[in-house]
Amino acid sequence: MAADKDNDANICLIEDFRPRLRKLIEVEFVLDHLNFLDNDNKDLIRTKARKESNLKAVDLLIDTIIRIRPLPNGWFREFVDALSAGGCKHAATYVEDSPPCPALEAENDNCVRLIELLSPSLLEMKTTDVCWDCFSKDILTAEDREIILAECQNRGNMGGARELLRRIVRFPPGWFSIFLKALQNTEHKNLFKELTGESPGDNLIDLYSGTEEPMENGTPENSLDLSTSGCIAAAAESPPKDVIVLRDYQMDVARPALEGKNIIICLPTGSGKTRVAVYITKEHLDSRRKEGRPGKVVVLVNKVPLVEQHYSTEFWKFLKNKYKVERVSGDSQLKISFTDIVQKNDIVICTAQILENYLERAHSGDDDGIKLSDLSLIVIDECHHTQKGGVYNHIMIRYLKQKHKNAKLKKEQKDTVDIPQILGLTASPGVGGAKKIEKAEEHILRICANLDAYKIMTGNLGENKKEPHKKIATAEERKEDPFGDVIKGIMNAIHVHAELNPTCDLGTQNYEQWVVQKEQNAAKEENQKVRVCAEHLRQYNEALYLGKTIRMWDAFSFLDKYFDEELKKKVAPEDEEAIIKTDTERFLFTLFKGNSKVKLQELAKLPQYENNSLAKLRTKILHEFTSREKARGIIFTKTRRSAIALAQWVQENSKFEEVGVKACHVIGGGGQSVVKPMTAARGRGRAEDSSYTLVAGEGSGVAERESVNEYREKMMSKAIDKVKKLDQDEYEKRIKEFQIQAIMEERVRTTKKKQKGMKKESPSKVKFSCRSCNKPVCSGEDVEIIENMHRVNVTPQFKELFIQRENTSLVKRLLDYETNGFIACKDCGQRWGSMMLYRGIECPCLHVKNFLVTYDEKKKNINKWSELGIQLPAFDYAEHARSVAESSEDEQSM
């Protein structure tokens, strides 16, 4: 039994570190040293590496090890030794549960990223010389050396360089400094300088010591970054010393928090809100340490990328020498031991949902939960999101309930429960859709109430305030748009075929809403002709929008890719029956793939029909980069697709190349409030004499909306000033009223939720059918739920109804499960969901939006499982694992 427990623990360890191991293991070398795997399995893994990729082969290796039952004695030690002997020592440290500390791991990741970004330049190295030097310094094995030299002979110097770079990054931290020394020894002064910013002969930076003085640097901003010096952060720089110096206006806004009061800090983008929060955190922990009281700080963010940003560039950077700092997000394996992380560290940066999950655990009586009393300070980034229904609000409602309970306990002369200090950060609390100053003031007061803020603090930036020059560049409307005319002609042909009569102009938001409604109604009515036509009309409408904002070629590529993907859905995997195409689908495919595609392709190549917004943007960029000694800029755009397309547009423009403009794109969440996108864009113009230009199409309404945003921003400033001028007693009275209202509203919502739960019917009353072909699929009693998130159907009957395909764009690894493929209807190719591998068992995971749901004889369109009022049973892993094992034994005995 003890051996089984050890095996389970070791397997969990390997699974936890799978994302790292995928990057660090070279299967070809490791397999030579693994004797507990039979030759058949080894051959399968090697074939996977040759035909697909090393990453896929590592996945297969780990999956194979997990499935072996029983595991032979000593298998784990043999696996660790095989990793070390196969040149994967860094991977071995993770498997032995001795990974580098988070700080060192982050620095090493930065070095790997730097090598990836600068690989085009590094490929010009004298590979043979560098290879021998790296081998002599033990960051390449003998096998590595032979393969690199063979690659040089077979594919040339660059082929060998690629292999060398791919292999050195798998070594334990410390390899980067050795690689720099190798470049220095082999007289690669230019490459050395490109990696470090220093010339050989200067002090060689040890990236893992953290003792060097920092260099001034600028990191790439969000969205599309244009720079004459490239688009990477100076990842090779050492962290600076832990000295935090605040400007006068920063110290002014921080003062009440330093006295232990709850406040909201409202400062413009780029004025150092987070730096103030770091300073307050340090002073808070220092004071509690002096008083002999424990201090525990949690920094909450609302987006995963901000976790790493706040950790590496602010909190860890300045506080690492005095306090333990850790970060956790939905993408981190550390999430599974969040309680331990909070207990072992002084400062934890995490996404808000993780804290809320563990607060709920504690509320439900789970020993593994977190209580508010465990924390002494909560920092809430982008705190204007503390609104109804948001995760920030759920956390703060817990806080407000405890605060008001404490007031009652105090009156009864009973012991109160500790609650943490609250620090909110925002650049723009917004006006909440208010049209009058009174409503805007109420909106600000509600945010203050939700955060239990003593005051909202705004700073007088004075000479530190840098407002960019604002300009509006209006682009004339196209005189001719033959590309758009062809798309509109296709759409009108579809209207006739489906007998649809649109009530608004094509290519508009109103049309998008109209066609979505048509699709949903058609699905409920089982009208496949209209439903499929509506889906295609949405894509054409999107292409019209793209053609107005970016290049025609990007719009054409979008359509071409969509139809290629749709056609793939209609091609069955090997040994499967052909997927049926309906007459309407044949009509739609023929409509695009015939003459229309050729016309669109030809028109997309004609520059005279491009939209004038790009011409205005091109002129603006060239002006800025030719009239300044050093220039750098950001293009903010609405969608991810347009950000990527604009980056390609810059990269492919020869004029930009001539003046040294380079580009990369950064995609993420959109604006968080009505005035947020504008203030965020302007806030990035921090340099002297910077400019902020709005490129607006004539008649697009963009310039008008900008004026409305400016009006709202002024209204927001006035509302904040009014709140600040309120008498403190009046302020606290209004805050208390809003807090009581928020608590009462939460109680009503909770009561309604419980009543709704009591009315939940038997799952057997719910039926699911394919959204595309209406084929009956299963009933609610066939569906089980994993970890309160994933709805799966593992019945043998369901398995016969779908086909499985690999989804190369989706590779996620979270906790004990992974998704790396999708399932689709065997008859029509409609996607139904994804295939999960949950603790070694394949589980088809259903996405409810892909089904038509029948409940009480009524057909419904449901986008989220939470909208379905039925209680699904929890997935019984033990029972299903037993069933799978028995099935496997039966197959082997046949």
Next item on the list: State, yes or no, whether a side-chain contact exists between M457 and C266 at a heavy-atom distance under 4.5 Å.
Entry: no
Check: Do the side-chain N and O atoms of E737 and Q741 include a donor-acceptor pair separated by under 3.5 angstrom?
Finding: no
Notebook entry, point to check: Between E382 and K303, is there a side-chain N and carboxylate O pair less than 4.0 Å apart?
Noted result: no
Margin query: Exactly one of V299, T281, I347 should register a side chain to side chain contact (heavy atoms under 4.5 Å, CB included) with L377. Which one does?
Written below: T281
Margin query: Are more than 12 heavy atoms, taken from residues, nucleotides or ligands other than K403, located less than 6.0 Å from that residue's NZ atom?
Written below: yes
Notebook entry, point to check: More than 12 heavy atoms of other residues, nucleotides or ligands under 6.0 Å from NE2 of H363: is that the case?
Noted result: no
Notebook entry, point to check: For atom CG of D727, is the number of surrounding heavy atoms from other residues, nucleotides or ligands below 6.0 Å larger than 12?
Noted result: yes
Checklist line | Donor-acceptor contact present, side-chain Y323 to main-chain D286, <3.5 Å | finding: yes
Next item on the list: Would you mind checking if R446 and E442 are paired as a salt bridge, meaning a charged N to carboxylate O distance below 4.0 Å?
Entry: yes
Next item on the list: Taking the side chain as every heavy atom from C-beta outward, state whether Y454 and Q728 have any pair of such atoms under 4.5 Å apart.
Entry: yes
Notebook entry, point to check: Going by distance alone, is a donor N or O of one side chain under 3.5 Å from an acceptor N or O of the other, for S428 and H384?
Noted result: no
Checklist line | Exam field: side chain Q353 to backbone V391, donor-acceptor pair closer than 3.5 Å | finding: no
Notebook entry, point to check: Crowded around K455 NZ? As in, over 12 foreign heavy atoms under 6.0 Å?
Noted result: no
Check: With the threshold set at 4.0 Å, does a side-chain nitrogen-carboxylate oxygen contact exist between R293 and E291?
Finding: yes
Note to self: Check whether Y249 forms a cation-pi arrangement with R247 (NZ or CZ under 6.0 Å from the six-membered ring centre, at most 45° off the ring normal).
What the structure shows: no
Item checked: Min side-chain heavy-atom separation L355-I370 under 4.5 Å -> yes
Margin query: Is it the case that the side chain of H443 and the backbone of P429 share a donor-acceptor pair, with hydrogens and angles ignored and the cut-off at 3.5 Å?
Written below: yes
Checklist line | Over 12 foreign heavy atoms within 6.0 Å of CD, Q413 | finding: no
Margin query: Do V297 and V348 make a side-chain contact, defined as non-hydrogen atoms from C-beta onward lying under 4.5 Å apart?
Written below: no
Notebook entry, point to check: Is any side-chain heavy atom of Y279 less than 4.5 Å from a side-chain heavy atom of M251?
Noted result: yes
Notebook entry, point to check: Cut-off 3.5 Å, side chains only: do T458 and K724 have a donor facing an acceptor?
Noted result: yes
Next item on the list: Spell out, as yes or no, whether a donor-acceptor pair under 3.5 Å connects the side chain of K296 to the backbone of N345.
Entry: yes
Margin query: Is it the case that the side chain of Q250 and the backbone of V276 share a donor-acceptor pair, with hydrogens and angles ignored and the cut-off at 3.5 Å?
Written below: no
Note to self: Just so I know, are the side chains of K401 and I397 near enough to count as touching, which here means a heavy-atom distance under 4.5 Å?
What the structure shows: yes
Next item on the list: Determine, for R734 against E441, whether the closest basic-nitrogen to carboxylate-oxygen distance falls under 4.0 angstrom.
Entry: yes
Checklist line | Check: Q402/N406 side-chain N/O donor and acceptor closer than 3.5 Å | finding: yes
Checklist line | Heavy-atom side-chain contact between N450 and N393 under 4.5 Å | finding: yes
Next item on the list: Return yes if a side-chain donor-acceptor contact under 3.5 Å exists between E360 and S364, otherwise no.
Entry: yes
Note to self: Do the side chains of D109 and R20 get close enough for a salt bridge, i.e. N-O under 4.0 angstrom?
What the structure shows: yes
Notebook entry, point to check: Is the closest side-chain heavy-atom distance between L423 and N262 below 4.5 Å?
Noted result: no
